Chemist: 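Please find one structure pasted underneath; my questions will follow.
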Amino acid sequence: MIRLLVACLVFAFLVGGVAKADDGYRLWLRYDALPSRMIAVYRPRVAAVGVTGNSPTLNAIRSELVNGLTGLLGSAVPVASDINRDGVVVVGTPRSSTLIARLRWETQLAQLGPEGFRIRSVKLGGHSVTVIASEGELGALYGSFHFLRLIQTLQPVNRLDITQKPRVQLRMLDHWDNLDGSVERGYAGRSLWNWSALPDTVDPRLLDYARANASIGINGSLLNNVNANAQILTGEYLRKVAAVADVFRPYGVRVFLSARFSAPMELGGLKTADPFDPVVAAWWKKKADEIFQLIPDFGGFVVKANSEGQPGPRTYNRTHVDGANMLAAALAPHNGLVIWRAFVYDMKPGYDRAGAAYENLQPFDGKFAANVLLQVKNGPIDFQPREPFHPLFGGMPATQLMPEFQITQEYLGFSNHLVFLASMWREVLDSDTYAKGPGSTVAKVADGSLDSQRLTGIAGVANTGSDRNWTGHHFLQANWYAFGRLAWNPDLPSRQIAGEWIGMTLTNEPKAAGTIARIMLESHEAVVDYMTPLGLHHIMWGGHHYGPAPWWDKEPRADWNPVYYHRADDRGLGFDRTASGSNTVGQYHPPVRDRFAKLSTCPEAFLLWFHHVPWEHRMKSGRILWDELALHYQRGVDWVRATRTEWDALAGVIDAERHGEVAKKLAIQERDAIWWRDACVLYFQTFSKRPLPAGVEKPARTLAEYKEKSLTW
Ligand code: BDP
């Protein structure tokens with residue numbers, strides 16, 4: 001006992017010198033002092049912060065820079081109102097700063113817009129200074145965070161000449177938060193919004209939420225679940241929403257609400273919610289006026305209509321366009337937006353859910369009002385560990401499409417599994433739709449450049465909650481970070497995003513940072529390996545979606561059951577979406593369509609997505625499908641084991657608190673990966689009737705045991 005205590009003390013001492021305990025609350029905005037040799041480098045460049053003017057955003061910039069730079073440099077960085085020495089960091093707009101006005105950058109800044117920024121090392125009044133300028137205060141705020149990031153990641157700041165502007169206008173986090181504080185598909189505690197205390201008491205944490213979002217350029221926040229409760233639109237709740245919006249405003253985060261289509265009935269006592277009924281339209285108009293009275297910069301409504309039991313225009317024999325445009329008309333006078341979700345699928349005999357959204361929405365291309373965006377999930381089913389890109393991308397050139405990603409890991413191991421989602425999103429953004437020939441990527445649909453769209457957006461379903469570390473797992477903060485960075489610039493490489501986040505959040509020690517980056521960049525493929533390799537999808541346990549249940553067939557709707565998706569039989573495995581099957585592959589443009597449709601050219605990552613493949617089919621490796629499948633499952637398990645060893649070796653480089661917590665999560669991830677492998681291999685073996693190939697471990701339990709109860713989280 002004594003020996004253990006001494007060992008712990010010695011360890012704590014050793015570690016204490018390297019890295020202080022950290023509960024993860026500060027995210028990537030930690031601002032701990034840099035190594036002294038770096039402080040010596042930066043000190044002359046950041047002697048003072050020159051932010052003049054007074055506005056909520058300018059004050060936010062000043063305090064972020066003073067706190068950030070003071071923390072990073074280990075001693076006070078004061079505010080300077082003029083330039084009387086080298087090293088002043090001058091920040092603002094031509095209106096807020098006479099120094100910036102003197103530079104006559106108006107033309108360049110106008111090209112970058114109010115959210116863009118210019119950072120330059122210049123001589124002003126005989127002194128070497130850094131200028132962070134924008135046409136708008138928000139751009140200056142984004143530029144300030146960019147400047148801090150350069151220092152946090154030990155980049156040189158002596159000869160800066162940077163111009164940036166966001167490629168996508170609306171960069172939005174969607175919270176699936178219910179009014180009772182629970183979070184649909186949330187795995188990091190309760191909702192961040194404390195409705196019962198609002199509007200009188202606003203949790204100070206909301207300020208840190210807004211700061212974190214602004215630091216990565218997120219400028220919209222949907223506060224409530226898309227499975228919406230109409231109550232959020234009552235006067236009582238709108239006043240609470242307004243209090244939240246007040247906290248977010250200086251940081252450029254606009255508030256959006258999910259609108260329940262039947263709200264005129266539930267709140268207004270109307271007999272119908274028919275979008276063609278003038279009384280209904282008038283109700284929405286009045287509601288919109290009321291909202292904008294309270295929240296002048298309100299973003300607009302997000303609507304899930306006629307999907308999974310939600311009310312919508314179809315209920316009244318009207319179309320999605322009829323519904324969306326009626327709401328759009330109510331919001332248009334205030335410049336509000338309607339974000340209409342394309343997640344629509346109605347079970348009918350013999351249908352393929354993967355084709356449903358396209359069938360429902362594509363015919364309305366060009367019909368939506370100018371202030372409507374159609375929000376399309378990255379893939380045609382539902383946030384699976386891997387899906388091909390949604391065929392609506394490239395399929396609706398006359399519609400403003402807004403990709404929707406899921407940051408929260410509904411189908412990817414909740415907040416227990418380390419998986420860096422930037423790699424997955426990159427795969428989708430880089431996918432070539434061929435809508436206008438080669439190079440018609442999803443990224444170009446998202447940023448509007450493919451079809452010269454006026455409005456653009458990207459949404460991510462948030463993984464945040466009341467947990468002290470926000471995301472339940474320290475590493476999953478990286479997915480929030482990555483989402484913001486990709487929404488700002490959909491071409492950013494995953495490696496760069498990982499590198500930035502690691503440097504800001506975990507360590508700048510090159511060897512450790514390199515190991516962690518590799519782990520992150522490999523993680524998505526590994527999770528696909530142990531969950532849904534080779535194009536398998538939706539084989540999770542019913543309802544909660546944690547852990548495997550490929551045998552599941554108890555849901556009331558066929559298209560909620562894994563057996564519907566994998567179609568295993570004695571012959572083989574996979575969903576035939578080619579001409580001999582559902583033919584929904586036809587929703588893609590040639591040559592994508594043909595590449596997917598032919599067994600010989602279909603990427604193996606999507607093989608079982610598009611084809612029903614015989615067990616003895618020869619794969620590129622020369623192995624038969626069955627052996628390849630089993631080896632993928634094994635490879636996923638091997639990766640988690642290797643990662644645990646590598647992570648253990650990083651003790652001392654990462655503070656003990658976060659290191660220990662991540663290690664515990666990795667142990668769960670290994671347990672789960674093994675469970676996934678065993679359950680899937682045993683189940684599919686009942687069809688393939690073949691032995692496990694060499695190199696695949698013998699399952700620890702029987703299939704009956706895996707079927708008996710789900711994995712716990
Ligand atoms: C599915 C979720 C469900 C959501 C739905 C949606 O299982 O909880 O309500 O998506 O996006 O992934 O509307």
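Every number for a ligand or one of its atoms is a count from 1 in the order of the listing. Model, not experiment: these values are computed from the prediction.
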Chemist: Between K377 and ligand 1, is there a nitrogen or oxygen pair with a distance under 3.5 Å?
Modeler: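 In this structure, K377 places an N or O atom under 3.5 Å from an N or O of ligand 1.
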Chemist: What atoms in ligand 1 come closer than 4.0 Å to a heavy atom of N227?
Modeler: 9 (O)
Chemist: Does Y588 have its ring centroid less than 6.0 Å away from the ring centroid of F389?
Modeler: yes
Chemist: For the 3.5 Å polar cut-off, considering only N or O atoms, please tell me whether H545 and ligand 1 meet it.
Modeler: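 Between H545 and ligand 1 (N or O atoms, distance only) the closest approach is not under 3.5 Å.
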Chemist: Taking the six-membered ring where the residue is Trp, are the ring centres of H538 and H545 under 6.0 Å apart?
Modeler: yes
Chemist: Could you check whether N178 and N225, counting side-chain N and O atoms only, form a donor-acceptor pair closer than 3.5 Å?
Modeler: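 There is such a pair (donor and acceptor under 3.5 Å, judged by atom type) between the side chains of N225 and N178.
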Chemist: Going by the atom numbers of ligand 1, which of them fall below 4.0 Å from some non-hydrogen atom of D382?
Modeler: 1 (C), 10 (O), 12 (O)
Chemist: Just by distance, with hydrogens left out, do Q375 and D174 show a side-chain donor and acceptor under 3.5 Å apart?
Modeler: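 Looking only at side-chain atoms, D174 and Q375 do form a donor-acceptor pair, the distance falling under 3.5 Å.
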Chemist: Should Q406 be counted as touching ligand 1, given the test is an N or O pair under 3.5 Å?
Modeler: no
Chemist: Looking at the rings of F383 and F405, which for Trp means the six-membered one, are their centres under 6.0 Å apart?
Modeler: no
Chemist: Please determine whether the number of non-hydrogen atoms from other residues, nucleotides or ligands lying under 6.0 Å from atom CZ of R314 exceeds 12.
Modeler: no
Chemist: For atom 8 (O) of ligand 1, what is the nearest protein heavy atom, given as residue, atom name and distance?
Modeler: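 It is E184 OE2, 2.3 Å.
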Chemist: Does E404 come within less than 4.0 Å of ligand 1, judged by its heavy atoms?
Modeler: no
Chemist: Determine whether the aromatic ring centres of residues F301 and W284 are separated by less than 6.0 angstrom.
Modeler: yes
Chemist: Identify, for atom 13 (O) of ligand 1, the protein heavy atom at the shortest distance, and state residue, atom and that distance.
Modeler: K304 NZ, 2.6 Å
Chemist: For atom 6 (C) of ligand 1, tell me which residue out of F383, Y411, W560, F343 has the closest non-hydrogen atom.
Modeler: F343
Chemist: In ligand 1, which numbered atoms sit nearer than 4.0 Å to a non-hydrogen atom of E410?
Modeler: 1 (C), 2 (C), 7 (O), 12 (O)
